[in-house]
Amino acid sequence: MVGENGFDIRFIRRFYRIQKIIFPRLLSPTVALFSTLLFLNLLEQVVIYFVGLVPSRFYKVLGDKDLEAFQVQTAISLGIILSISFVKSTKSFVKDILALSWRRLLTQQIHAKYFLDIQYYKLNVLNKELDNPDQRTTQDVRTFCTLYGTVISAVIIAPFTIAYYSYSAYTRTGWIGPTASFIFFLIGTMVNKLLMSPIVSLVVAQEGKEGDFRFKHMQIRSNAESLAFHDGADIELDKCDSRLERLLKVSSRLINRQYLLNSAINCFDYIGSILSYLVIAVPIFTGVYDDLDASSLSAVISENAFVCIYLISTFSSLVDLSNQFAGLAGVTHRIAELLEVLAHDSGAKKTDSIESIESTSDGDQPLCGDKSSALSNPRLMISSSDEARIELSNVSFSVPNGKEMLVEGLNLCLKTGQNILITGSSSSGKSSVLRVLRGLWKPKEGTIFTSLPIKNGIFYLPQKAYFTNGSFREQIAYPDRISEHEAFKGNDDQIVEYIRMTKMEPVLERAGGLDGDVDWNWYDVLSPGEMQRIAFIRLFYHRPQLAFLDEATSAISVDMEEILYKEALKLGITLISVGHRDTLKQYHDFVLRIEGDGKWTFGSL
Ligand SMILES: Nc1ncnc2c1ncn2[C@@H]1O[C@H](COP(=O)(O)OP(=O)(O)OP(=O)(O)O)[C@@H](O)[C@H]1O
């Protein structure tokens, strides 16, 4: 899917795919705005024609020493100049508005796919085939939308301008004007096509390296405190410099290629201007204008020169667009690659629908007892029962794309009322059991049955809780929106009680209360223990039937751990905890021990 990118048929396919996004319907605002832009472009060409005639008209009235005609001509010229400046600035205004509308459509389309299910996780953690999806969604889309308005409107209008000026040139100079211009354009296009293709791939590569470089800085920005403790500035400086070097290496290759292309473009520009004079010289030297007086001759020469020069310059301006076109093609490939990967992944099953292969259990039996319904359908099965229940039958999994099994033939029943502690040595695969249950990783074998959708009755507290931007209340309600939970707003006493219980009042105060308008990156302003305590308040607020806690109290004192676990159990939440601490055992009924090398044991506590 991702490969060598050039100016080829694949580019045309990808370009077409993006058209369908930025012009969703025939009667859409972007179509209306784009039509306005085309109209303004056309109008600009018409007004330019009159601007081009201004000098010849002045030559005529000055040559004739006609004061009255001179005054009229001055007034007309002023009107023409005002018109061209109005048309040009309006065109630029409409182009900018269009770029914004396109950016909205394109980015929203990417967002809709990126946030569908857990695509962002697959793309950023599992699928390393595609570099920097963030760069593609932000910078590349912006570049595309900015270049598109300039390049495409010029390309669409050019044939009309060329047709008109070819005809005008033909009536003034005969066939030689248009033919010479066209041959000139053909040669220019062929040379530039050869020079452009490598530029497109280099633009794609450069944007990727740009993303890598920016990501490195983002890593430092997000982990500035850890870096400061380690005093690792020297290493990070080297790493940043090395990414910068890689970026600059590609950029300088791109500049070299652009140098060749620019040389060709400039060459064609100047040959074009000489060619215009060669073309207008033909009727002069063949005696076509011999019967004109001096002032009429200079007016005609000026008018003809303008028509021929403009025809050739329209061709040259198309050739001049080559560089921008190469840039447009580069970002088109990058955006389309992202859309293709997203479309490909979203075509796969949702994470809830875990691919499963029926197999006979040869380990311990699952605790749920009745598993006939689960095994009758080898895909994900959701029962109508209100009781949260997850059953794993003969489940085996490895790390993504790995061969060695982390856990083999796991049989387990997780259901309300049975609190289970998952233990084992470090890296044995404890958190990975939760990844498989949540559907982040696919098991290689086995069946997973769940009685409730993930968002309804089952809740995960990962090792590192997620904090969104927004108020304290938003952190607690996450992943619900506050507006969805008006009832929650009326229950502030309960929330404040949880905050008091978890000793989070100082943070509440700093945050300006539950609804304080803080623009915090919560990761920068909370200690790990505070993050874990907020995660527990979140758990209490959601009050699910089953909760998976991954080392959720690792940064909290044993006393606080006791308070939190007892409250969770008091609320009737069944806990499946991953943890090392012995103190956790008292809150659980069973222990699943991940032994490593695929082995596991299960028993009562
Ligand atoms: N996204 C990933 N891609 C590949 N391998 C991964 C990924 N995430 C984790 N692993 C690997 O999977 C193995 C199991 O990781 P896991 O997080 O389940 O360990 P754990 O038992 O929870 O360890 P700990 O007690 O240290 O938290 C580790 O070797 C880890 O390096």
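Note that ligands are numbered from 1 as they come in the structure, with each ligand's atoms numbered from 1 the same way.
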**Prompt:** Which protein non-hydrogen atom lies closest to atom 26 (O) of ligand 1, naming both residue and atom, and how far is it?
**Reply:** Ser426 OG, 2.7 Å
**Shortest protein contact, atom 17 (O) of ligand 1 (heavy atom only)** = Arg435 NH1, 3.2 Å
**Asked** Can you check whether Leu514's main-chain N or O pairs, donor with acceptor, with Arg473's side chain at less than 3.5 Å?
**Response** no
**Message:** Measuring centre to centre across the rings, with the benzene-like ring taken for any Trp, is Phe459 within less than 6.0 Å of Phe548?
**Reply:** no
**Prompt:** Do you know which two heavy atoms are closest between Phe590 and Leu605, and how far apart they sit?
**Reply:** O-CD1, 3.6 Å
**Fill in**
With sequence neighbours left out, the residues meeting salt bridge (Lys or Arg N to Asp or Glu O under 4.0 Å) with Arg538 are none
**Request:** Give the numbers and elements of all ligand 1 atoms closer than 4.0 Å to a heavy atom of Gln463.
**Result:** 27 (O)
**Request:** Below 4.0 angstrom from a heavy atom of Ser432, which ligand 1 atoms are there? Numbered from 1 as shown, please.
**Result:** 14 (C), 15 (O), 16 (P), 18 (O)
**Prompt:** With atoms numbered from 1 as shown, which atoms in ligand 1 lie under 4.0 angstrom from a non-hydrogen atom of His580?
**Reply:** 25 (O)
**Asked** Is it true that Ser428 lies under 4.0 Å from ligand 1, counting heavy atoms only?
**Response** yes
**Asked** Is there at least one protein heavy-atom neighbour under 4.0 Å from atom 9 (C) of ligand 1?
**Response** yes
**Prompt:** N/O of Lys430 under 3.5 Å from N/O of ligand 1, yes or no?
**Reply:** yes
**Item:** Which residue and heavy atom of the protein sit nearest atom 19 (O) of ligand 1, plus the separation
**Value:** Ser427 CA, 3.4 Å
**Asked** Going by atom types alone, do Thr553 and Gln532 pair a side-chain donor with an acceptor below 3.5 Å?
**Response** no
**Message:** Would you call the rings of Tyr523 and Phe467 parallel, tilted or perpendicular, taking 30° and 60° as the class edges?
**Reply:** perpendicular
**For ligand 1, the portion of Trp441 having any non-hydrogen atom under 4.0 Å away** = side chain
**Asked** What do the steps show when you test Gln135 against Glu210 for side chain to side chain donor-acceptor pair (under 3.5 Å), and what is the final call?
**Response** CA-CA 8 Å; Gln135 164 92 359; Glu210 192 80 58; 5.7 Å; no
**Request:** For the pair Glu562 and Lys566, evaluate salt bridge (charged side-chain N to carboxylate O under 4.0 Å, His left out) and give the outcome as yes or no after the intermediate values.
**Result:** CA-CA 6 Å; Glu562 183 180 354; Lys566 283 193 168 158; 2.6 Å; yes
**Request:** Considering only non-hydrogen protein atoms, determine which one is nearest to atom 4 (C) of ligand 1 and report residue, atom name and distance to 0.1 Å.
**Result:** Pro400 CD, 3.7 Å
**Fill in**
Among non-hydrogen protein atoms, atom 1 (N) of ligand 1 lies closest to Val125 CG1, 3.5 Å
**Request:** Using a distance threshold of 4.0 Å (strictly less than), state whether atom 31 (O) of ligand 1 has a protein heavy-atom neighbour.
**Result:** no
**Prompt:** Would Tyr565 and His588 count as a close aromatic pair, with their ring centres under 6.0 Å?
**Reply:** yes
**Polar proximity ligand 1 side, Val399 side, N/O cut 3.5 Å exclusive** = no
